[in-house]
Structure formats: C-alpha cells, structure tokens
Amino acid sequence: MGRGAVALARVAVLVRAPAGWLWWPGVLAAGAGALVPGLTGRRIGVYAGAALFVVAAYGVFAVRRKRYAHLAKAASRAGKSAILQDRAVTLRVWRRAHRWWLLLAFLAAVGSSFALPAAGGMLLAGAGLGLWAKALWLGRWERDHDALLWVRTEAAVRGGPAGKDVRGYLTTGVAAKDARPGGAKASRAKASRPKAGKV
C-alpha cells in the first residue's frame, strides 16, 4: 500500500460519522417512548433502557478494538499521489449509504416503546456514545503518534473502517487534514483542504 493513486478517508471520521445519527434520534425516541405507558410500565422500561444504554455503549466501544489497534500499528506511509477525502465528503457518502438503516433503527426504537418504554431509544443512544468514545480513542492514538490514520474508501464502504476487506491503514502527517485527531471538525482558522500530494 502507499503506491499509486488511491482515494483515502479518515478512519476516525468514519467511526465518528454514525455517532450523532444514533445519539440524537435515540434521545428523541427515548423521550417520546417515556410518554407511552407500554406493556411493562414506564419505570421498568426506563430501568431496562438504562441497562441497555450501558451495555450498548461499552459493547460498541470495545468491539474490534484489537483489530483497529493492529491495523494502526501496521500502518504504512501514504504515497504522494494519495487523494485525501474531505471530512464533509466522507460524512455525506456515509449518510447516503446508511440513511434507510438509520430511519429503520429510529422507527424500531420508537415502536419498541409500546412494549418497553424508552428502552429502544436508550439502546440507540448508547451505541452512538460508544462510537463517539471509540473515535476519541483513535484520536488519542493519532496524537500520541503525531500521525493521521486513513483507509481506502472502497474497502471502508464495503465493510467499515475495520472490516475484513481492509488490508491495512495508511498514515499522513497531521497537516494533511480538515479534521482534528478523533475526527472532529477542525476550526476554521486551522482547517486546510487536503489535496493530492499533500501528505
């Protein structure tokens, strides 16, 4: 890897992309669900939802961490011809590819409140929190190693940034970015649009 013209997306941005789209719909679904008595009653639903929130947050944060760490440790330097995808483009592509799944997840979370009030929404929000925490974990790696992690876009689209189709990560210096370590949006004063060869 690292030779030839390849399109790359930030690993942390891909991990962080679903976080807000799970957190806020989850909070909304939980709030709406708390208004419904449900089959079990609000109290049981909220307690069950709190447990699901913790389990989902930790589970999503922990899953595949060893895989991410292995890929990061074995990462090679990106070539001069690498095309670095903007953060906004990465987010837009991800949303388009997953918009129907996100809608179905929200509807399922709201619908589940008729059986277990608020629990489905809290589960969804917990998954979002876990992804946000994992992005921060990746950001700490990037800061510690003074490098940004990238993955080939075609591999990431098929199975995610740590899927079986991902053979390895590539790295660039921290100047080749429009997002801070961890995938958060860079401040306007520091942001610079990545271009081919600026690695």
Side-chain angles (χ1 to χ4, degrees), residues 1-2 4-26 52-53 55-78 82-109 120 123-143 145 147-172 176-185 194 199:
M1 297 185 72
V6 292
L8 305 176
R10 278 286 300 284
V11 175
V13 171
L14 285 167
V15 171
R16 194 185 185 99
W21 290 93
L22 293 175
W23 171 263
W24 292 113
L52 289 172
F53 177 87
V55 170
Y58 179 77
V60 169
F61 172 70
V63 71
R64 288 187 170 181
R65 277 187 63 185
K66 290 184 178 179
R67 169 76 169 158
Y68 281 98
H70 172 74
L71 290 169
K73 185 177 180 180
S76 58
R77 189 75 174 176
I83 301 171
L84 307 181
Q85 192 175 80
D86 287 347
R87 179 181 184 273
V89 175
T90 300
L91 294 176
R92 185 166 62 248
V93 170
W94 188 92
R95 284 196 301 267
R96 286 178 179 173
H98 297 87
R99 61 185 181 275
W100 294 115
W101 289 107
L102 292 170
L103 177 60
L104 287 174
F106 174 71
L107 293 176
L123 174 66
L124 208 61
L129 179 64
L131 287 169
W132 179 75
K134 184 178 287 185
L136 292 181
W137 172 69
L138 286 168
R140 185 173 64 182
W141 187 97
E142 291 179 324
R143 284 191 294 272
H145 293 80
L148 302 179
L149 293 170
W150 300 80
V151 62
R152 292 175 184 251
T153 54
E154 70 275 10
V157 166
R158 287 194 295 269
K164 62 181 181 180
D165 291 327
V166 176
R167 302 303 179 188
Y169 290 159
L170 297 171
T171 62
T172 67
K177 65 183 179 73
D178 66 340
R180 300 195 302 268
K185 186 176 181 180
V199 297

Can you tell me if NE2 on His98 sees more than 12 non-hydrogen neighbours from other groups inside 6.0 Å? yes
Do other residues, nucleotides or ligands put more than 12 heavy atoms under 6.0 Å from Arg95 CZ? yes
Report the C-alpha distance between Arg180 and Lys185 in whole Å, list the side-chain angles of each, state the deciding distance to 0.1 Å, and finish with yes or no for side-chain contact (heavy atoms from CB on, under 4.5 Å). CA-CA 6 Å; Arg180 300 195 302 268; Lys185 186 176 181 180; 5.7 Å; no
What's the separation between atom CG in Leu124 and atom CH2 in Trp23, rounded to the nearest 0.5 Å? 11.0 Å
Keeping Arg10 on the side-chain end and Ala179 on the backbone end, is there a donor-acceptor pair under 3.5 Å? yes
Ring pair (Phe, Tyr, Trp, His ring centres under 6.0 Å) against Trp141, all qualifying residues, sequence neighbours excluded: His145
Is the shortest side-chain heavy-atom distance between Val166 and Pro161 below 4.5 Å? no
Could you tell me the separation between the CG atom of Leu14 and the CD atom of Gln85, rounded to the nearest 0.5 Å? 7.5 Å
Please give me the minimum heavy-atom distance between Ala12 and Glu142, naming the atom from each residue. CB-OE1, 4.3 Å
With rounding to the nearest 0.5 Å, note down the distance linking CZ in Arg143 to CG in Leu148. 11.0 Å
Determine the minimum heavy-atom distance between Ala56 and Ala127, stating which atoms define it. CB-N, 3.8 Å
Please assess Tyr169 against Val11 for the test side-chain contact (heavy atoms from CB on, under 4.5 Å), listing each intermediate value before the final yes or no. CA-CA 8 Å; Tyr169 290 159; Val11 175; 3.8 Å; yes
Nearest 0.5 Å, please: how far is CG in Leu8 from OG1 in Thr153? 7.5 Å
Distance col, row Arg64:CZ vs Leu71:CG, nearest 0.5 angstrom, shows 10.0 Å
With a cut-off of 6.0 Å (strictly less than), are more than 12 heavy atoms of other residues, nucleotides or ligands near CH2 of Trp94? yes
Give me the atom names and distance for the closest heavy-atom approach of Gly128 to Ala19. O-CB, 3.5 Å
Over all atoms of both residues, closest heavy-atom pair of Ala75 and Leu149: CB-CD2, 4.3 Å
Between the side chains of Thr172 and Trp150, is a donor N or O closer than 3.5 angstrom to an acceptor N or O? yes
CG/Leu102 to CG/Leu22 distance, rounded to the nearest 0.5 angstrom? 6.0 Å
For residues Arg92 and Arg87, determine if any side-chain heavy atom of one lies less than 4.5 Å from a side-chain heavy atom of the other. no
Quick one: does Arg65's side chain have a donor or acceptor within less than 3.5 Å of a partner on Ala62's backbone? no
For a 4.5 angstrom cut-off between non-hydrogen side-chain atoms, does Leu170 reach Ser76? yes
Run Leu138 and Arg16 through side-chain contact (heavy atoms from CB on, under 4.5 Å) and show every step you take. CA-CA 10 Å; Leu138 286 168; Arg16 194 185 185 99; over 6 Å; no
State, to 0.1 Å, how close Val63 and Val60 come at their nearest heavy-atom pair, and which atoms those are. CG1-O, 3.3 Å
List the steps and the verdict of side-chain contact (heavy atoms from CB on, under 4.5 Å) for Lys134 and Tyr68. CA-CA 10 Å; Lys134 184 178 287 185; Tyr68 281 98; 3.9 Å; yes
